[in-house]
Amino acid sequence: MSTGALIWLALVGLLVYAIRDRRRTWSEDAAGKLILWAGPVFSSAVLLGLLTYALWLMPALRPTTHGVLRIEVTGTQFWWRVVYHKSGRPPAISANEIRLPVGEPVEFILRSDDVVHSFWMPSLGGKMDMIPGRTNTLPVLANREGVYRGACAEFCGTSHALMAFSAVAMMPDDFDRWLNIQSSPASGAAGPGRDLFTRHGCGSCHRIDGTEARGLVGPDLSHIGGRETVAAGVLPNTEEMIARFIAEPEVLKPGTRMPSFAMLGSADIRAIARYLKGLR
Ligand SMILES: [Cu+2]
């Protein structure tokens, strides 16, 4: 920012100088020299300097393969499968949200289940395509705590614009605590919501760790209650919004593979939503 301001001030200074100094005539020789030095020589030096600086930064960004956190993200119409791999721990399965530790390099492993998607967290790193049958990797280093927005950056169907996620950069200790919870069974209380979830076959498409729900067609719901958003960045994560999505997913997300369950009636949908919101 401040470098930008300095460059801007220098340019304004030059502009004022040029306007005031209009009367002075330049010899052809002096003008030629000015163009040579201020043109190709100066620009090349600045660009070369920036390139050297960028190359010097690179090794720090490139994760070493040992002990590094790898986050596998698979794009699928219109949501994200997420699996955390950290050596010495069982993989933790999640969806539609990325969490990463501040100050530690993370390697993203990017894939697609169907069409070409593109993984993009504008404030944290570059854009990288997710291509069926291919694995791309993207190193990311978050250097400030916060909740950032991520999105699919490649048109992938009707609800492409509704395929987003939040990226939460956390202090390493908080992250480890969070990851521990993610790789352990869901903590939801048994109750009417859980029975309804089982009875209506939600488990054929969704997995809830520690229950008989083992479906892999839709997002893992084991800890859905702790996420920032529901339905891949589309709705704030409240009991009410979960209920709305169960009742009319097709209205909220045209072309989604989640069928509507409006026929269950609002009381049952509410009970299921309460159960899901309680899964931390
Ligand atoms: Cu997409």
Side-chain angles (χ1 to χ4, degrees), residues 69-85 91-100 106-142 146-169 182 202 204-208 215-238 241-242 244-261 276:
L69 172 68
R70 283 174 307 134
I71 307 181
E72 191 184 336
V73 185
T74 308
T76 173
Q77 288 170 322
F78 299 97
W79 58 281
W80 317 82
R81 297 176 190 281
V82 185
V83 186
Y84 296 82
H85 301 275
I93 305 174
S94 182
N96 295 333
E97 184 166 281
I98 305 287
R99 297 214 175 206
L100 63 174
V106 174
E107 186 176 37
F108 281 90
I109 302 166
L110 305 173
R111 298 205 176 88
S112 167
D113 265 356
D114 38 39
V115 298
V116 178
H117 300 273
S118 182
F119 180 79
W120 194 28
M121 305 185 289
S123 315
L124 292 176
K127 210 185 276 185
M128 180 68 78
D129 277 355
M130 302 171 123
I131 300 165
R134 242 193 94 129
T135 302
N136 282 338
T137 58
L138 176 73
V140 170
L141 181 68
V147 181
Y148 304 91
R149 184 141 173 105
C152 180
E154 180 76 43
F155 181 76
C156 61
T158 30
S159 278
H160 156 69
L162 301 173
M163 180 169 171
F165 61 93
S166 41
V168 186
Q182 296 303 298
C202 311
S204 59
C205 289
H206 293 287
R207 174 178 172 274
I208 297 182
L216 295 174
V217 177
D220 188 289
L221 301 178
S222 304
H223 303 279
I224 184 178
R227 290 183 210 149
E228 299 278 325
T229 64
V230 177
V234 173
L235 304 166
N237 189 358
T238 63
M241 292 301 163
I242 296 178
R244 246 186 93 188
F245 189 70
I246 298 170
E248 46 184 28
E250 176 63 32
V251 174
L252 295 164
K253 253 181 134 162
T256 179
R257 301 226 174 95
M258 159 97 180
S260 162
F261 283 89
L276 292 178

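Read the numbers this way: they start at 1 and go in the same order the structure lists the ligands and their atoms.
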* **Side-chain heavy atoms of Asn96 within contact of Val82, under 4.5 Å** =>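 Sidechains of Val82 and Asn96: no contact.
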* To do: Please examine the side chains of Ser222 and Arg207, heavy atoms only from C-beta on, and report whether any two atoms are closer than 4.5 Å.
  =>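 Touching, per the 4.5 Å side-chain cut-off.
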* To do: Check the Cu ion (ligand 1) and write out every protein N, O or S atom at under 2.8 Å, as residue and atom.
  =>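 You should have found His117 ND1, Cys152 SG, Cys156 SG, Met163 SD.
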* Asked: Hey, which of Arg70, Arg99, Glu72 is the one that makes side chain to side chain contact (heavy atoms under 4.5 Å, CB included) with Tyr84?
  ->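 With Tyr84 as partner, Arg70, Arg99, Glu72 yield a single side chain to side chain contact (heavy atoms under 4.5 Å, CB included), made by Arg99.
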* Which of these, Glu250, Lys253, His206, sits in a side chain to side chain contact (heavy atoms under 4.5 Å, CB included) with Met258? ->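 It is His206, the one option of Glu250, Lys253, His206 that forms the side chain to side chain contact (heavy atoms under 4.5 Å, CB included) with Met258.
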* Does Ser123 have any side chain to side chain contact (heavy atoms under 4.5 Å, CB included) partners at least two apart in sequence or in another chain, and if so, which? ->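 By the side chain to side chain contact (heavy atoms under 4.5 Å, CB included) rule, Ser123 matches Tyr148.
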* Parallel, tilted or perpendicular: ring planes of Phe165 versus Trp80, cut at 30 and 60 degrees ->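 Because their plane-to-plane angle is over 60°, the rings of Phe165 and Trp80 count as perpendicular.
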